[in-house]
Amino acid sequence: MKPAPFTYHDPRSLGDATALLAQHENARVLAGGQSLMPMMNFRYAMPDHLIDLNKVDELAYIRIEDNALKIGAMTRQRDIEFSADIGEHCPLLQAALAHVGHRQTRNRGTLGGSLCHQDPSAELVNIAALLGATMHAASTRGERDIPFAEFAVAYMTTALEPDEMLTAVTFPLPQKNCGHAFVEFARRHGDFAIVACSALIGLDAKGHIAEAAIALSGLSHAPVRPAEIEQALLGQKPGADAFKAAAAEAEKLDAGADAYITSSYRQHLARVLTYRALEQAAAQANEMQHG
Ligand SMILES: Cc1cc2nc3c(=O)[nH]c(=O)nc-3n(C[C@H](O)[C@H](O)[C@H](O)COP(=O)(O)OP(=O)(O)OC[C@H]3O[C@@H](n4cnc5c(N)ncnc54)[C@H](O)[C@@H]3O)c2cc1C
């Protein structure tokens, strides 16, 4: 298949890109093209105007500022994977990226493209939920920040207005003493996960759980942050009893089904992966505490 006819635009600045988005109806921005081009070739997406962001250099950067990591929307996944700053301050992001597609797709694919595409199982979407990222959007009407929890409004649909684009994402950095883990189950390496789970665990001076965060992807249109399970872990001794109880609750979360995967299988994976993620994150936190 070939894409339906469209007009190609090649802006060099954010201002030009937002002006084009404001001028044209049925316009789409092009980032790495790893999801949009196949969708256009299959005619799932038929934009009349394609606004290519690949020469808008101001949208590609990685900055550590005020206990947060700010990444421009057009930053390539491969640059995030190899950033020494991210390796030092937010290695969880690199752990998740190791599961995203293949090195060829990560060479072109961008952070912003993955978050705007909003595949329910996308690894970067999972981490944005776990860390409570802030999404920065711009249009000719101005700029606004959208908490990640309000960004995914429906299946593969974001809170961005048709004339808005994502410019950057801010990830609050996890506490220095937090252990992390990212685990997923996919049919083949490089495939989207059926279910994925990330976790952060921090321990207090007595070795009890002082911080717990979990994000599960693949159950619903957006990653689930099970607040009650996270709360129940606080104050507990990290170990099989606490993690089994958390995993059993994860199995009770609502899960959707499709033509290939039943909801009960997704719930089973939620249990297994929650246990593994908590166990790995706690082991890392313990090692950080005891050296
Ligand atoms: C073989 C293969 C395997 C893959 N496996 C995985 C995987 O395991 N996990 C995974 O998460 N992904 C996977 N992907 C998808 C890949 O990660 C893509 O990089 C990602 O989904 C889209 O990023 P992109 O930069 O290519 O965006 P594009 O394809 O260019 O755009 C995707 C969508 O986002 C919109 N968009 C892009 N940037 C912006 C912006 N700044 N503001 C507003 N809207 C924007 C576009 O208009 C489009 O609708 C795979 C892709 C391929 C081809």
Side-chain angles (χ1 to χ4, degrees), residues 11 13-15 17-18 20-22 27-36 51 53-54 56-77 79-81 83 85-86 89-90 92-94 96-97 100 106 109-174 182 196 198 200 213 215-217 220-225 227:
S13 70
L14 175 60
T18 51
L20 285 162
L21 262 179
R28 276 296 249 283
V29 298
L30 172 70
Q34 298 304 297
S35 299
L36 184 57
I51 302 169
L53 299 181
N54 281 280
V56 183
D57 296 338
E58 68 199 276
L59 291 175
Y61 58 85
I62 294 170
R63 287 182 204 138
I64 307 284
E65 45 188 46
D66 303 331
N67 264 334
L69 167 66
K70 189 168 184 184
I71 307 183
M74 280 301 289
T75 307
R76 306 281 170 197
Q77 294 160 9
D79 291 332
I80 298 172
E81 197 178 341
S83 156
D85 275 346
I86 295 178
H89 296 281
C90 197
L92 169 62
L93 199 48
Q94 294 180 335
L97 260 173
V100 177
R106 296 195 295 271
T110 64
L111 172 71
S114 180
L115 295 178
C116 292
H117 188 60
Q118 273 290 325
D119 187 287
S121 293
E123 290 81 359
L124 295 173
V125 174
N126 179 294
I127 300 302
L130 183 79
L131 298 180
T134 298
M135 318 296 282
H136 306 288
S139 70
T140 52
R141 295 175 288 114
E143 296 177 358
R144 68 174 176 132
D145 290 346
I146 309 167
F148 183 78
E150 294 165 22
F151 190 67
V153 292
Y155 181 69
M156 296 182 86
T157 307
T158 71
L160 292 173
E161 297 293 337
D163 66 340
E164 265 182 331
M165 51 175 279
L166 186 73
T167 55
V169 183
T170 298
F171 297 92
L173 290 174
F182 184 93
S198 60
L200 288 172
L216 281 150
S217 301
S220 178
H221 71 276
V224 177
R225 282 287 305 274

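Throughout, numbering of the chain's residues begins at 1 and tracks the sequence.
- Contact of the L93 side chain with the I71 side chain is registered, since non-hydrogen atoms from C-beta on lie closer than 4.5 Å.
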Task: Check against side chain to side chain contact (heavy atoms under 4.5 Å, CB included), L124 and Q77 - done: CA-CA 9 Å; L124 295 173; Q77 294 160 9; 4.1 Å; yes
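- Taking all atoms of both residues into account, the shortest heavy-atom contact from A138 to T167 is CB-CG2, 3.6 Å.
- Put simply, the side chain of R225 gets close to the backbone of L130: a donor and an acceptor are under 3.5 Å apart.
- Nearest heavy-atom pair across N126 and A215 is ND2-O, 3.2 Å.
- For I51 against P11, the heavy-atom pair with the smallest separation is CG2-CG, 3.7 Å.
- Looking at E143, its side chain never comes within 3.5 Å of a backbone N or O of A137 through a donor-acceptor pair.
- Note that CZ of F171 and CG of L111 are 5.0 Å apart. Values are rounded to the nearest 0.5 Å.
- Taking CZ of R63 as the start and OG1 of T170 as the end, the distance is 9.5 Å to the nearest 0.5 Å.
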TODO: Would you sort out whether M165 and L53 count as a side chain to side chain contact (heavy atoms under 4.5 Å, CB included), showing the intermediate values?
DONE: CA-CA 10 Å; M165 51 175 279; L53 299 181; 3.8 Å; yes
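- Rounding to the nearest 0.5 angstrom, the gap separating the CE atom in M74 from the CG atom in L166 is 11.0 Å.
- Remark: side-chain polar atoms of S121 are not paired, donor with acceptor, to backbone N or O of S217 under 3.5 angstrom.
- Between L69 atom CG and C90 atom SG the span is 5.5 Å, to the nearest 0.5 Å.
- S198 contributes atom OG, which lies 7.5 Å from atom CG of L216 (distance to the nearest 0.5 angstrom).
- Across P162 and L21, no two heavy atoms sit closer than the pair O-CD2, 3.7 Å.
- Salt-bridge annotation for E164 and R144: present, with a side-chain N of the basic residue lying under 4.0 Å from a carboxylate O of the acidic one.
- The closest side-chain heavy-atom distance from Q118 to V125 is below 4.5 Å.
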Task: Derivation and outcome, side chain to side chain contact (heavy atoms under 4.5 Å, CB included), residues F182 and I127 - done: CA-CA 9 Å; F182 184 93; I127 300 302; 3.8 Å; yes
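- The shortest non-hydrogen separation linking K70 to A168 is CE-CB, 3.9 Å.
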- [ ] Apply side chain to side chain contact (heavy atoms under 4.5 Å, CB included) to L160 and C116, showing your working.
- [x] CA-CA 9 Å; L160 292 173; C116 292; 3.8 Å; yes
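- Crowding of E58 atom CD: a count of heavy atoms from other residues, nucleotides or ligands under 6.0 Å exceeding 12.
- Here the shortest heavy-atom pairing between I86 and I80 reads CD1-CG2, 3.6 Å.
- Side-chain atoms of T18 come within 3.5 Å of backbone N or O of G15 as a donor-acceptor pair.
- Between atom CG of residue L115 and atom NE2 of residue H117 there is a gap of 11.5 Å, rounded to the nearest 0.5 Å.
- Counting non-hydrogen atoms of neighbouring residues, nucleotides and ligands closer than 6.0 angstrom, the OH atom of Y155 reaches no more than 12 such neighbours.
- Heavy atoms from other residues, nucleotides or ligands lying under 6.0 Å from CG of D145 number more than 12.
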